[in-house]
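Just so it is clear, the model here is predicted, and its values are computed rather than measured.
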Amino acid sequence: MIEVKNMTLTYASGKGIFEVDFSIKAGEVTGYLGPNGSGKTTTIRGILGFMKPNEGSCTIDGLDSIRDACEIQKKLGYISGEIAFFDDMDGDEFLQFMQKMRKEKDNTRQKELLKLFELDPKGKIKRFSKGMKQKLGIVSAFMHDPDIYVLDEPTSGLDPLMQNRFIELILKEKARGKTILMSSHVFEEVEKTCDNVIIIKDGRIVQKSDIQTLKNSQRKGFLIKPINLDDASKILRASGFEISVKAGGIIQVFVTGENIDRFIKTSAKFEIDNFDVIKQSLEDIFMQYYGKQEEIS
């Protein structure tokens with residue numbers, strides 16, 4: 001449904017994306033991951049035909065992203081990473097404008113989305129908060145019920161409740177067979193919704209995998225406060241675990257998925273006063289992959 005072939009798109013500074021190559025099948029949800037400046041938004045601009053690649057190409061549902069850009073827009077829902085509106089418009093005027101531009105008459109889905117995200121679109125957009133503007137962008141992208149979505153940081157500015165509602169919306173669209181490419185900094189968002197992930201660094205793709213493989217490769221972090229710090233440290237080190245001792249007699253240890261069982265059994269050999277799990281951020285996962293690439297190079 002989305003096919004990017006060896007796309008290179010550079011700026012005058014020399015930065016950009018280089019030989020980006022991937023495809024997304026119909027009905028798949030793919031997460032496009034990377035820190036700021038890695039090339040996610042540039043890739044999306046190339047996919048949507050907003051910028052012409054120096055080399056390579058992209059097709060969406062068999063249509064060329066440059067030559068057939070107008071036709072693609074009819075079947076596409078898009079959320080920009082930096083949403084820009086006509087600030088002098090009211091929110092409801094903007095939605096009417098988008099509806100007329102797409103030649104859609106039925107606004108049933110629009111009303112459902114406004115209710116889901118608790119958005120009253122009346123009033124000048126320039127007076128909307130960041131969260132309200134993001135909700136307006138979501139409603140606009142989804143209200144014509146397209147087959148394909150390209151979403152660049154879609155939950156930016158949303159509170160946790162609305163982030164969860166957005167995840168529910170994506171899961172419903174996924175169940176309906178929609179094709180979705182979504183860039184995100186929120187790992188929980190990716191973990192709950194995506195079938196596959198693509199990780200980009202410095203304009204080049206460094207990893208493609210299914211979501212389960214990514215989850216299994218995560219290091220699990222633990223904080224242990226043992227009754228006897230010296231004994232616990234010796235036992236863990238003797239078993240081959242790399243540990244660091246923090247303030248308050250707390251041991252920090254990171255364990256890969258295949259070693260979890262051995263770690264738990266090893267920890268049972270000493271008395272524990274407290275045990276906690278470290279929540280791994282998406283940046284931590286990036287660093288794992290980036291570190292691997294640097295070792296290879």
Side-chain angles (χ1 to χ4, degrees), residues 1-25 28-60 65-66 72 76-83 141 148-156 170 174 179-219 280-297:
M1 188 64 82
I2 299 176
E3 188 167 15
V4 181
K5 294 183 179 179
N6 297 312
M7 182 184 290
T8 295
L9 199 164
T10 58
Y11 299 96
S13 63
K15 294 183 177 180
I17 57 172
F18 308 93
E19 299 177 346
V20 168
D21 193 282
F22 64 85
S23 61
I24 304 173
K25 296 178 182 178
E28 286 184 346
V29 180
T30 296
Y32 197 44
L33 314 179
N36 289 333
S38 58
K40 300 189 304 296
T41 296
T42 300
T43 304
I44 288 172
R45 287 172 179 165
I47 288 173
L48 297 177
F50 297 158
M51 299 177 68
K52 187 175 182 179
N54 302 79
E55 297 178 14
S57 63
C58 173
T59 57
I60 297 179
S65 63
I66 299 295
I72 287 172
L76 186 80
Y78 169 58
I79 297 177
S80 168
E82 297 180 3
I83 300 178
I148 306 163
Y149 295 96
V150 177
L151 312 174
D152 194 358
E153 301 290 349
T155 60
S156 175
I170 292 294
K174 180 179 179 178
T179 304
I180 303 171
L181 174 64
M182 178 171 68
S183 78
S184 177
H185 274 98
V186 184
F187 184 66
E188 288 79 7
E189 187 173 274
V190 173
E191 182 180 23
K192 290 177 181 178
T193 60
C194 292
D195 302 299
N196 304 296
V197 291
I198 300 167
I199 299 178
I200 187 169
K201 174 194 178 186
D202 296 333
R204 297 183 184 273
I205 291 177
V206 295
Q207 180 71 22
K208 301 176 189 176
S209 71
D210 61 87
I211 190 66
Q212 193 58 49
T213 299
L214 181 67
K215 288 165 67 175
N216 291 342
S217 71
Q218 284 182 262
R219 296 185 310 158
Q280 191 177 33
S281 71
L282 197 52
E283 292 295 329
D284 294 329
I285 298 168
F286 292 154
M287 292 310 298
Q288 280 181 248
Y289 280 100
Y290 290 4
K292 290 177 185 176
Q293 291 297 315
E294 286 164 4
E295 288 172 11
I296 292 170
S297 60

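Shown here for Lys40 and Tyr32, the closest heavy-atom pair between the two residues is CD-O, 3.3 Å. Nearest heavy atoms, Met7 versus Cys58: CE-CB, 3.6 Å.
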For residues 190-197, please give each side-chain donor-acceptor pair under 3.5 Å, one per line with the distance, not counting sequence neighbours.
unit_1	atom_1	unit_2	atom_2	d
Thr193	OG1	Glu189	O	2.6
Asp195	OD1	Lys174	NZ	3.0
Asp195	OD2	Val29	N	2.8

Exercise answer: donor-acceptor pairs, residues 16-24 side-chain atoms, under 3.5 Å, sequence neighbours excluded:
unit_1	atom_1	unit_2	atom_2	d
Asp21	OD2	Asn6	N	3.1

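Annotation: Lys15, atom NZ; neighbour count of heavy atoms from other residues, nucleotides and ligands within 6.0 Å does not exceed 12.
Looking at Ser183 and Asp152, their side chains come closer than 4.5 Å, going by heavy atoms from C-beta outward. Contact annotation: the side chain of Tyr78 approaches that of Ile44 to within less than 4.5 Å [non-hydrogen atoms, C-beta and beyond]. Using a 4.5 Å cut-off on side-chain heavy atoms (C-beta onward), Ser156 and Ile83 make no contact. Taking 4.5 Å as the limit, every side-chain heavy atom of Ser38 sits out of range of all side-chain heavy atoms of Lys201.
If you take CD1 on Ile180 and CD1 on Ile170, they are separated by 4.0 Å, rounding to the nearest 0.5 Å. The OG atom of Ser65 lies 10.5 Å from the NZ atom of Lys52; values are rounded to the nearest 0.5 Å. In this structure, CG on Leu151 lies 7.5 Å from CG on Leu181, to the nearest 0.5 angstrom. For the atom pair OG1 (Thr43) and CG (Leu48), the distance works out to 10.5 Å, reported to the nearest 0.5 Å.
Side-chain contact check for Asn54 and Thr8: no donor-acceptor pair (N or O, by modelled atom type) lies under 3.5 Å.
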